[in-house]
Amino acid sequence: MRFRGALCAATILAAPVIASAQPVTGVYVGLGAGFNYQEQQGIGSITVPGPVIPGRPLTATTNSLDLNTGTGYVLLGSVGYGLGNGLRFEAEGRYSDNGVNKITGTPGPNSASGRSQIYAVMANALYDFDLSPYGIGGFYPYVGVGAGYGWQNVTLNFQSSPNPFNYYGNVSETKGSFAAQAIAGFAVPIGAVPGLSFTAEYRYFARIGNESYNGYVETPGPTIGTARVTPTRYTFNSVGNQEGLVGFRYAFNVAPPPPPPPPPPPPVQPTRSYLVFFDWDKATLTARAQQIIREAADASTKVQYTRIEVNGYTDTSGTPRYNQGLSVRRAEAVAAELVRDGVPRNAISIQGFGETHLLVPTGPGVREPQNRRVEIIIR
């Protein structure tokens with residue numbers, strides 16, 4: 001799979017997911033790590049000195065060798081800026097490392113060892129998608145492309161023993177060329193840390209262009225125990241890397257979510273009030289008064305109350321001192337009846353107000369029935 005094919009595939013996969021973008025706004029940083037599979041890399045030309053045999057040239061050339069590496073690892077870090085409309089731009093530094101498995105071809109070495117290491121700096125453009133209009137929240141796919149410059153350091157040792165091409169070879173050099181990549185992944189915000197997201201992605205990274213590396217080939221010399229060491233140029237073709245990574249991205253200016261609203265206050269039970277009236281200069285309860293007190297007692301069992309107030313009053317006939325005592329006796333009579341009707345005594349507070357707080361304003365010495373009362377207040 002080459003770079004252009006991977007880029008087209010990423011574009012096609014993203015096409016059905018046109019939606020409003022996750023608003024990444026401002027500066028962010030990212031880190032990622034994962035596995036890296038480096039594709040087979042062609043070695044376009046090797047000049048191999050041949051053994052000293054009469055009638056055979058001293059060199060032979062092959063164009064059919066391939067470098068095969070194993071699965072390695074890749075690390076990357078990035079600094080970017082989100083525009084808030086889904087577009088993001090970032091600068092990235094990356095490193096990958098793969099071990100050499102073998103070299104294949106004709107005439108091919110029968111053993112090889114070494115490493116292929118790639119360093120690169122890239123400029124990427126990416127776009128995030130928001131799937132919440134489709135009922136998918138907390139999951140944000142993204143696609144992107146990048147371009148930059150990459151350096152490949154090749155450290156390669158190989159040997160071949162079959163006659164007549166008995167040789168040993170070595171390459172150890174770093175070369176740079178243009179690089180490009182296609183990116184497809186997704187981010188999952190981590191709610192406990194505003195601005196932090198877990199990321200997982202696939203990348204296809206390619207260094208584009210053939211490069212010549214300096215090395216040498218060592219072959220047997222003209223006599224036993226001697227060797228011929230010849231400087232040799234190895235031409236390595238373009239190479240692609242397929243990568244799977246996981247990592248984290250942190251956006252600096254994401255505001256924390258607002259705190260949850262406070263719980264609503266408990267409903268306030270309305271205050272209930274009952275009036276019990278008395279005959280003149282009396283603190284005894286009439287049948288009607290007992291009925292009202294029973295209704296108040298029944299109501300207290302159906303609501304959540306904090307206290308029950310029993311307040312006694314008189315009219316203005318009589319002296320203030322006498323009226324004060326009479327108002328207290330009337331309140332005590334009502335409280336005693338409430339207790340008989342099932343109200344706890346410790347829930348009742350008793351107070352006498354005498355001839356103050358008149359229900360019907362009058363002058364002194366007036367017998368007013370509306371003012372001869374006890375008020376039961378359930379709070």
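Atom set for the values below is all heavy atoms of this structure, side chains included, hydrogens, waters and symmetry mates excluded.
Legend: residues meeting side chain to side chain contact (heavy atoms under 4.5 Å, CB included) with L245, ordered by chain and number and at least two apart, are V74, L76, E201, R203, E243. Among residues two or more places apart in sequence or in another chain, the side chain to side chain contact (heavy atoms under 4.5 Å, CB included) test is passed with F248 by I190, L196, F198. Applying the side chain to side chain contact (heavy atoms under 4.5 Å, CB included) test to Y95 and every residue at least two apart in sequence or in another chain returns Y73, D97, Q117, Y119. S349 meets the side chain to side chain contact (heavy atoms under 4.5 Å, CB included) test with E309; sequence neighbours excluded.
A donor-acceptor pair is defined here as one N or O able to donate and one able to accept, closer than 3.5 Å; such a pair exists between the side chain of Y149 and the backbone of G176. Counting only distance, with no hydrogens or angles, the side chain of T25 and the backbone of L83 share no donor-acceptor pair below 3.5 Å.
Nearest heavy-atom pair across N124 and G146 is OD1-CA, 3.2 Å. Across every non-hydrogen atom of V276 and A289, the tightest pair is CG1-CB, 3.2 Å. Closest non-hydrogen pair, L87 versus N85, comes out as N-OD1, 3.2 Å. Counting all heavy atoms, side chain and backbone alike, A187 lies closest to P189 at O-CD, 4.0 Å. Of all heavy-atom pairs between M122 and A179, the closest is CE-O, 3.8 Å.
S113 contributes atom OG, which lies 7.5 Å from atom CG of L156 (distance to the nearest 0.5 angstrom). Taken to the nearest 0.5 Å, the CG atom of L285 stands 13.0 Å off from the CD atom of Q291. Expressed to the nearest 0.5 Å, how far CZ of F236 lies from OG of S116 amounts to 8.5 Å. Rounded to the nearest 0.5 Å, atoms CD1 (I308) and CG (N346) are 10.0 Å apart. Residue E211 holds its CD atom at 8.0 Å from OG of S238, rounded to the nearest 0.5 Å. To the nearest 0.5 angstrom, Q181 atom CD is 5.5 Å from R94 atom CZ.
Contact check for E375 versus L275: side-chain heavy atoms found under the 4.5 Å cut-off. Counting heavy atoms from C-beta on, the side chains of S172 and T155 come closer than 4.5 Å. The side-chain heavy atoms of V24 and R249, taken from C-beta on, include a pair separated by under 4.5 Å. By the 4.5 Å heavy-atom criterion applied to side chains, W151 and V121 are counted as neighbours. Inter-residue side-chain proximity for Q152 and V239 is flagged as met; some heavy-atom pair is nearer than 4.5 Å. In this structure, the side chains of R372 and F277 stay at 4.5 Å or more apart for every pair of heavy atoms.
With respect to E355, the side chain to side chain donor-acceptor pair (under 3.5 Å) criterion is satisfied by exactly one of T316, N323, T319, T362: N323. When each of Y142, F139, F129, Y140 is tested with F186 by the rule ring pair (Phe, Tyr, Trp, His ring centres under 6.0 Å), just one qualifies, namely F139.
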Given ring-ring contact (aromatic ring centres under 6.0 Å, His included), test Y204 with Y202 step by step and report yes or no. CA-CA 7 Å; Y204 187 84; Y202 165 82; 7.2 Å; no
If you apply the rule side-chain hydrogen bond (donor to acceptor under 3.5 Å, both in side chains), what do you find for S96 with Q38, and how did you get there? CA-CA 9 Å; S96 63; Q38 183 170 308; 5.4 Å; no
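Look at D315 and R367 and you find no salt bridge, because none of the NZ, NE, NH1 or NH2 atoms lies under 4.0 Å from a carboxylate O.
Residues F252 and V193 share a single hydrophobic cluster, defined by chaining ILVMFWY side chains whose heavy atoms lie under 4.5 Å apart. Linking Ile, Leu, Val, Met, Phe, Trp and Tyr residues whenever their side-chain heavy atoms come within less than 4.5 Å places I350 and Y274 in a single cluster. Linking ILVMFWY residues whenever their side-chain heavy atoms come closer than 4.5 Å, directly or via other members, leaves Y322 and F278 in distinct clusters. Neither L359 nor I376 shares a network with the other; the hydrophobic side chains, linked directly or stepwise wherever heavy atoms of I, L, V, M, F, W or Y lie under 4.5 Å apart, form separate groups for each.
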Exercise answer: donor-acceptor pairs, residues 325-344 side-chain atoms, under 3.5 Å, sequence neighbours excluded:
{"residue": "S327", "atom": "OG", "partner": "Q324", "partner atom": "O", "Å": "2.7"}
{"residue": "S327", "atom": "OG", "partner": "F353", "partner atom": "N", "Å": "3.4"}
{"residue": "S327", "atom": "OG", "partner": "G354", "partner atom": "N", "Å": "2.9"}
{"residue": "R330", "atom": "NE", "partner": "K282", "partner atom": "O", "Å": "2.7"}
{"residue": "R330", "atom": "NH1", "partner": "Y313", "partner atom": "O", "Å": "3.0"}
{"residue": "R330", "atom": "NH2", "partner": "D279", "partner atom": "O", "Å": "3.3"}
{"residue": "R330", "atom": "NH2", "partner": "K282", "partner atom": "O", "Å": "3.2"}
{"residue": "E337", "atom": "OE1", "partner": "R340", "partner atom": "NE", "Å": "3.0"}
{"residue": "E337", "atom": "OE1", "partner": "R340", "partner atom": "NH2", "Å": "2.6"}

Can you give each donor-acceptor pair under 3.5 Å made by side-chain atoms of residues 28-37, sequence neighbours left out, with the distance rounded to 0.1 Å?
{"residue": "Y28", "atom": "OH", "partner": "R88", "partner atom": "NH1", "Å": "3.0"}
{"residue": "Y28", "atom": "OH", "partner": "E90", "partner atom": "OE1", "Å": "2.8"}
{"residue": "N36", "atom": "OD1", "partner": "N241", "partner atom": "ND2", "Å": "2.9"}
{"residue": "N36", "atom": "ND2", "partner": "N98", "partner atom": "OD1", "Å": "2.3"}

